[in-house]
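Just so it is clear, the structure is predicted and the values come from calculations on it, not from any experiment.
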Amino acid sequence: MHFAFCTLHFQLNKMADKYKPQEFEKKWQDRWVVDGLHRTGDIPGRPKMYILDMFPYPSGDGLSVGHARNYCLTDVYARYYRMRGYNVLHPMGFDAFGLPAENEAIKRQTNPSVLNKQFTANYKRQMDMLGLSYDWDRRVNSCEPDYYRWTQWIFLRLFNSWYDPRADKARAISDLEAELAERGTADISEAAERAGLKYPVCTAAHWALASKKQRNEFLMYFRLAYRGDSAVNWDPVDKVVVANEEVENGRSWRSGALVEKKILKQWFFRITAYANRLHNDLDGLDWPARIVTMQRNWIGRSDGAEVQFKIENENLKMGDSESSVSNSHLVVFTTRPDTLWGATFMVLSPEHPLVEKVTTTGQNEVVKAYVAQAKTQSDEARTATDKEKTGVFTGGYAINPVNDERIPIWIADYVLMGYGTGAIMAVPAHDQRDFEFAKKFNLPIRTVVQGTGVNGGDANATEANNAREGVMVNSGPLNGLQASESVDAAIQFVEQKGVGKRRANYRLRDWLISRQRYWGTPMPIVHTDDGEVALGDGDLPVLLPDVTSYSTTLTGESPLAGIDEFVNVETPIKGRRETDTMAAWACSSWYFSRFADPKNENEPFDINKVNEWLPVDTYVGGAEHAVLHLLYSRMWTKVLFDLGHINFVEPFKTLRNQGMILAPGVKTDPETGRQYHEKMSKSKGNVITPDEVIDEHGADALRGFEMFISDFSQPVPWNLQGVPGVRRWLDRVWRITLDPTEDAPSKAKAEITARELRRVTHRTIDKVGRDIETFSFNTAVAALMEFTNALYKARDAGLVDTIEWYQAIDSLLRMIAPVAPHMAEELWLRIGNRYSIHQQSFPFADPDAMKADEITVVVQVNGKVRDRITVPADLSDDDIKQQALATDGAKRFIGDAPPRQVVYVKGRLVNVVV
RNA sequence: GGGGAUGUGUCGAAAUUGGCAGACGAGCAUGACUUAGGAUCAUGUGCCGUAAGGCGUGUGGGUUCAAGUCCCACCAUCCCCA
């Protein structure tokens, strides 16, 4: 360090000008770009750090100060780690495909790609204005062919693989074809059933005889990307199919329209094959607990047993069986196998394939009628808890395998085909819905858990007792056991009898990916006489053509269906091109990997580069993506891992969610009188843009306030007074750095020594570093403000021009550099240092310098503060206790009696108990 | 209904994880200065009280020398899933 040099500059700058951020922020932003300061570090021997923001969906509204919060804080974080000597990857891109952009384009009668260029340019302008240090050389844009080409490439990987339950991983579909030719599904079926995969069966002989088309149809049941019939959620307003994840309370996520059920051929990703791994691997992630919980709930793993009930029915002829589902058994999944002895009837979903088989001739008509009306109802309506239970008796009976009891088989719409096996054993004493059903149709109720609370076995009870605590009764071998231990006992019992197995069941459904829309990644699939055929890697990209109309066709097909040149394919395969496009979730499920190698023209990414940079060390974005993007990305990562394209199984090691910034004004609910803050939105006209704030106070003040406003994860209303407050602080930093003698020292002589200044400096370094690392940005700024206050005190104490003073200023600027990069750079040069401060290291806290010579110890009597003493830090515990007892404050409250106890907490307090 | 989170001054909040509640900032009040500024500087600012002191972290209880922090019950608000 060159202190003499610094002093010289202090002299030269005696009449320093005022802090005017507008005069130099742009200058430095341009200079940093020219000098490539934000290019991704790649210095051998340095550790890597991948810091990523969720890439935004560019809209015409641009960024608000709410969006800026996310970006500013990760930028501070990235700049900090650069100064700590890390190779930092901090990229940005745009999630461009999707419905809102398309709808906007329809409204404005223009092409969405034109809008995309405008919107992304505006986003980048705003981000630059904030001083964000992204490596723009690595920018990706999901709607550009050099990006979506690789989305299609990954789609092909999914299409060309299947999940092998024996290896518990994805494998090439060609492996499966080879195995089918040799042995059929003989080795696969049992493992598949155990894993809950509903694979069809086939022998080698059948496979040999099958046509190409039949083979393709068969393989569809295995592929990780597949086309299948599906009752889909149809949004009548946007005229598009929406995923389960996009439906909230029966309404479409975007349009808000009530979704309808429609049977269509749709493309899916077989995410259910990964349910168990997606559930288990959550354990190793440093994610907010609530996001982990939400994913767990969404995957909805429940442990229990699968139990077979024999069907007793004259209609059944032996030799009827032709599929893997045995026609003479009903398979149910239950999380409460301990209540098997309380099953008094069974309920099938109206869509269950065995309904026809079990129905007796006499009941045929009522059953048919019921099945027909159930079809018209949505899942939500069918399973609503307040809904009156409906159902009909099939006339058939099943045999309960644990006690050989003959129980009636009913059908009812509250049982869904999509969950479990589509059939349940009804235990009315211990399940509320079964209870209501039994009450309505006068079916027997038998208590098997003698509970402590409401007893569902009571004929007059109004609700079931689903408690898991109590003693087992009426349950054969389980009698007398505690309910808590009887689940395992029951599973062992059915396993020994060979009538059931331990199993996990999942609520997760396959991921519906196709959209009948224009603005998305085209699927690399051609429909031929032999079925759906995938293009080869060399045929990519399938380019999205220009169209004149973006509206969905009346048949619900994509506008692409109307373009003959696109639809009719001659080479390399003759057929009709798939006109559905991929939902934008596909684009965002792998973009974080593309950043490792964004310009690669031969593959989505080089394996060495992606393995070097990933997984993402710190991923930051809104909590609204808890079960959509974050779950899908995890699945794609696992598929690419299974197929050997990457060597990591989880994409995001650490995840942090920022709280939402709300509009500043308080609103009052006219009905409840409750006060609340609105979200910022253009339609409400309450958006505050970074542009207006920067215009007034500069980017550094905005960045500082984004950090300071609240704890990062807490939602908080914007405070109009906040930015000026931070600006005042920056002003003070400016003055104390350039002109420490300008202000008249205050009359009250401050008590601070050079040694103490040094201690405060190092304590601040320690605190600011730790706070940034733990995302406590608000307290990091508070510590810097305190440090600034201490510097004014030190100035008043006459410490300007001491070595400790220059060290303190030097540390201050380095610590401020990540927070207020423009000002830090400007001051750094003005006091005579060399460009650039952002290539300097963050200061290190010296533990010795942090140690205090004297400590203040609080003196309490019976837990109340009565006095305090200042003692040498190395004084013995006993001496400190003695001094504490001798204080006036203590003596006044102790009285004559000797203290009963004296507690000393090292370096903090003495508590005298009397 | 199930799951999760949060509750601290006038406001945003902090509290080294069981050890001085309210750091830091905003706002407000009083004063100083003046090149009258969106300044700057100083002092004060949880409640009651002149003071000594007492009370105080959603409510009620408990553990502890000591509780915002741990335990039990409840209330309110927000989010997610139904």
Participant: Grab the CG-P distance between A:Leu282 and B:G3 for me, whole Å please.
Facilitator: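 Those two atoms, CG and P, are 19 Å apart.
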
Participant: Would you give the length of the straight line joining atom CG of A:Leu909 to atom CZ of A:Arg868, rounded to the nearest 0.5 angstrom?
Facilitator: 10.5 Å

Participant: By the 4.0 Å heavy-atom rule, please label A:His677 as base, sugar-phosphate, or nothing.
Facilitator: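 Result for A:His677 = nothing.
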
Participant: Which nucleotide in the set B:A13, B:C24, B:G19 lies at the smallest distance from any side-chain heavy atom of A:Gln714?
Facilitator: B:A13

Participant: Looking at A:Asn719 and A:Pro664, would you say the former's side chain and the latter's main chain have a donor-acceptor pair under 3.5 Å?
Facilitator: no

Participant: Counting only Watson-Crick or G-U wobble pairs whose two distances fall under 3.5 Å, which nucleotide matches B:G9?
Facilitator: none

Participant: How many Å lie between CD1 on A:Ile880 and C1' on B:G19, as a whole number?
Facilitator: 15 Å

Participant: Nearest 0.5 Å, what's the CZ-CD1 distance between A:Phe844 and A:Ile765?
Facilitator: 10.0 Å

Participant: Roughly how many Å apart are B:A15 and B:A76, using the C1' atom of each and rounding to a whole number?
Facilitator: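 Taking atom C1' in both B:A76 and B:A15, they lie 25 Å apart.
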
Participant: Is there a Watson-Crick or G-U wobble partner for B:G1 with both distances under 3.5 Å, and if so, which one is it?
Facilitator: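 Per the H-bond distance test, B:C81.
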
Participant: Counting distance alone, no hydrogens or angles: does the base of B:C65 have a donor or acceptor under 3.5 Å from a partner atom on the side chain of A:Arg900?
Facilitator: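 Donor-acceptor pair under 3.5 Å: no.
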
Participant: Does A:Asp711 reach a base, just sugar-phosphate, or nothing at all? Heavy atoms under 4.0 Å.
Facilitator: sugar-phosphate

Participant: Which nucleotide in the set B:G4, B:G19, B:C24 lies at the smallest distance from any side-chain heavy atom of A:Val905?
Facilitator: B:G19

Participant: If you pin A:Gly863 and A:Arg892 to their nearest nucleotides in RNA chain B, which one's is more 5'?
Facilitator: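 The answer here is A:Arg892.
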
Participant: If pairing requires Watson-Crick or G-U wobble contacts with both distances under 3.5 Å, which nucleotide is the partner of B:G49?
Facilitator: none

Participant: Syn or anti: how is B:U17 classified when any glycosidic angle within 90° of 0 counts as syn?
Facilitator: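 Base orientation relative to the sugar is syn.
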
Participant: Take atom CG of A:Asn862 and atom P of B:A67, then tell me their distance rounded to the nearest Å.
Facilitator: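 Interatomic distance, CG of A:Asn862 to P of B:A67: 11 Å.
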
Participant: Distance check: side-chain N/O of A:Arg728 vs OP1/OP2 of B:A26, anything under 4.0 Å?
Facilitator: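 So the side-chain polar atoms of A:Arg728 do come within 4.0 Å of the phosphate oxygens OP1 or OP2 of B:A26, strictly under.
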
Participant: Could you state the atom-to-atom distance from CD1 of A:Ile816 to P of B:C24 in whole Å?
Facilitator: 17 Å

Participant: I'd like the C1' distance from B:U63 over to B:A13, given in whole Å.
Facilitator: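 B:A13 and B:U63 have their C1' atoms separated by 30 Å.
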
Participant: What integer distance in Å separates A:Trp718:CH2 from B:G12:C1'?
Facilitator: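 Interatomic distance, CH2 of A:Trp718 to C1' of B:G12: 12 Å.
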
Participant: To the nearest Å, give me how far apart CH2 (A:Trp729) and P (B:G38) are.
Facilitator: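 Between P of B:G38 and CH2 of A:Trp729: 23 Å.
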
Participant: Between OG of A:Ser349 and OH of A:Tyr414, what distance do you get to the nearest 0.5 Å?
Facilitator: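 It comes to 11.5 Å.
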
Participant: Can you tell me which nucleotide in B:G38, B:G25, B:C41 comes closest to the side chain of A:Arg735?
Facilitator: B:C41

Participant: Using both distances under 3.5 Å as the test, list the Watson-Crick or G-U wobble partner of B:U59, or none.
Facilitator: B:A73

Participant: Name the nucleic acid region contacted by A:Arg296, choosing base, sugar-phosphate or nothing; use a 4.0 angstrom heavy-atom cut-off, strictly under.
Facilitator: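 A:Arg296: no heavy atom of the nucleic acid under 4.0 Å.
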
Participant: Look at the side chain of A:Asn789 and decide which nucleotide, out of B:A26, B:A13, B:C24, has an atom nearest to it.
Facilitator: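 Among the listed nucleotides, the one closest to the side chain of A:Asn789 is B:C24.
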
Participant: Walk me through whether A:Arg732 and A:Asn789 qualify under side-chain hydrogen bond (donor to acceptor under 3.5 Å, both in side chains).
Facilitator: CA-CA 9 Å; A:Arg732 279 164 65 75; A:Asn789 294 343; 2.9 Å; yes

Participant: What is the pairing partner of B:A66, taking Watson-Crick or G-U wobble pairs with both distances under 3.5 Å in any strand?
Facilitator: none

Participant: Return the pairing partner of B:A36 with a 3.5 Å limit on both distances, Watson-Crick or G-U wobble; otherwise return none.
Facilitator: none

Participant: If we call it a pair only when both distances are under 3.5 Å in a Watson-Crick or G-U wobble match, what pairs with B:C28?
Facilitator: B:G44

Participant: Between B:G9 and B:U45, how far is it from one C1' atom to the other, in whole Å?
Facilitator: 10 Å

Participant: Counting neighbours of CE on A:Met850 that are heavy atoms of other residues, nucleotides or ligands and sit closer than 6.0 Å, is the number greater than 12?
Facilitator: yes

Participant: Touch check for A:Val716, heavy atoms < 4.0 angstrom, all strands: base, sugar-phosphate only, or nothing?
Facilitator: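 Since only primed, P, OP1 and OP2 atoms lie under 4.0 Å of A:Val716, the category is sugar-phosphate.
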
Participant: Which one, B:A14, B:C20, B:C79, comes nearest to the side chain of A:Arg290?
Facilitator: B:C79

Participant: Based on the glycosidic angle (syn within 90° of 0, else anti), state the conformation of B:G9.
Facilitator: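 You should classify B:G9 as syn.
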
Participant: Can you figure out which of B:G3, B:C20, B:A23 approaches the side chain of A:Leu909 most closely?
Facilitator: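 The answer is B:C20.
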
Participant: When the P atoms of B:C47 and B:U10 are compared, how many Å lie between them, rounded to an integer?
Facilitator: 7 Å

Participant: Nearest 0.5 Å, what's the OG-CZ distance between A:Ser776 and A:Arg770?
Facilitator: 9.5 Å

Participant: In whole Å, what separates the C1' atom of B:C78 from that of B:G58?
Facilitator: 15 Å

Participant: Quick one: which of B:G19, B:C24, B:A14 gets closest to the side chain of A:Met785?
Facilitator: B:C24

Participant: Consider the side chain of A:Ala782, meaning its heavy atoms from C-beta on, and name the nucleotide among B:A23, B:G3, B:G19 that approaches it most closely.
Facilitator: B:A23

Participant: State whether the side chain of A:Asp771 and the backbone N or O of A:Phe777 hold a donor-acceptor pair below 3.5 Å, judged by distance alone.
Facilitator: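 No; zero donor-acceptor contacts below 3.5 Å.
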
Participant: Counting heavy atoms from C-beta on, name the nucleotide in B:A14, B:C65, B:A82 closest to the side chain of A:Thr779.
Facilitator: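 The closest nucleotide is B:A14.
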
Participant: When you measure from the side chain of A:Arg290 to the backbone of A:Ala626, do you find a donor-acceptor pair of N or O atoms at a distance under 3.5 Å?
Facilitator: no

Participant: Give one of base, sugar-phosphate or nothing for A:Arg770, where a contact means two heavy atoms less than 4.0 Å apart.
Facilitator: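 Touches nothing.
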
Participant: Specify the separation, in whole Å, of atom CZ of A:Phe712 and atom C1' of B:G12.
Facilitator: 17 Å

Participant: So what does A:Arg763 touch, heavy atoms closer than 4.0 Å: a base, only the sugar-phosphate, or nothing?
Facilitator: nothing

Participant: Quick one: look up who B:C20 pairs with, Watson-Crick or G-U, both distances under 3.5 Å, and put none if it's unpaired.
Facilitator: none

Participant: Got more than 12 heavy atoms from elsewhere within 6.0 Å of NZ, A:Lys684?
Facilitator: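 It does: A:Lys684 NZ has more than 12 such atoms within range.
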
Participant: Rounded to whole angstrom, note down the P distance from B:G19 over to B:A82.
Facilitator: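 My reading of the P atoms in B:G19 and B:A82 gives 41 Å.
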
Participant: Starting at CG of A:Leu720 and ending at C1' of B:G38, how long is that distance when rounded to a whole Å?
Facilitator: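 One finds 14 Å between C1' of B:G38 and CG of A:Leu720, rounded.
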
Participant: Classify A:Lys864 by what it touches in the nucleic acid, base, sugar-phosphate, or nothing, heavy-atom distance under 4.0 Å.
Facilitator: sugar-phosphate

Participant: When the C1' atoms of B:A52 and B:C71 are considered, how many whole Å apart are they?
Facilitator: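 Those two atoms are separated by 37 Å.
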
Participant: At under 4.0 Å between heavy atoms, what does A:Gly722 touch on the DNA or RNA strands: base, sugar-phosphate, or nothing?
Facilitator: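 Since no nucleic acid heavy atom lies under 4.0 Å of A:Gly722, the category is nothing.
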
Participant: Distance check: side-chain N/O of A:Arg908 vs OP1/OP2 of B:A66, anything under 4.0 Å?
Facilitator: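 No, because none of the side-chain N or O atoms of A:Arg908 sits under 4.0 Å from OP1 or OP2 of B:A66.
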
Participant: A:Met294 or A:Val903: which one's nearest nucleotide on RNA chain B is closer to the 5' end?
Facilitator: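 Here A:Val903 is the residue nearer the 5' end.
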
Participant: Taking the side chain of A:His697 as heavy atoms from C-beta outward, which of B:G38, B:A82, B:G19 is closest to it?
Facilitator: B:G38

Participant: Using atom C1' in both nucleotides, what's the gap between B:G22 and B:G46 to the nearest angstrom?
Facilitator: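 Approximately 8 Å lies between the C1' atom of B:G22 and that of B:G46.
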
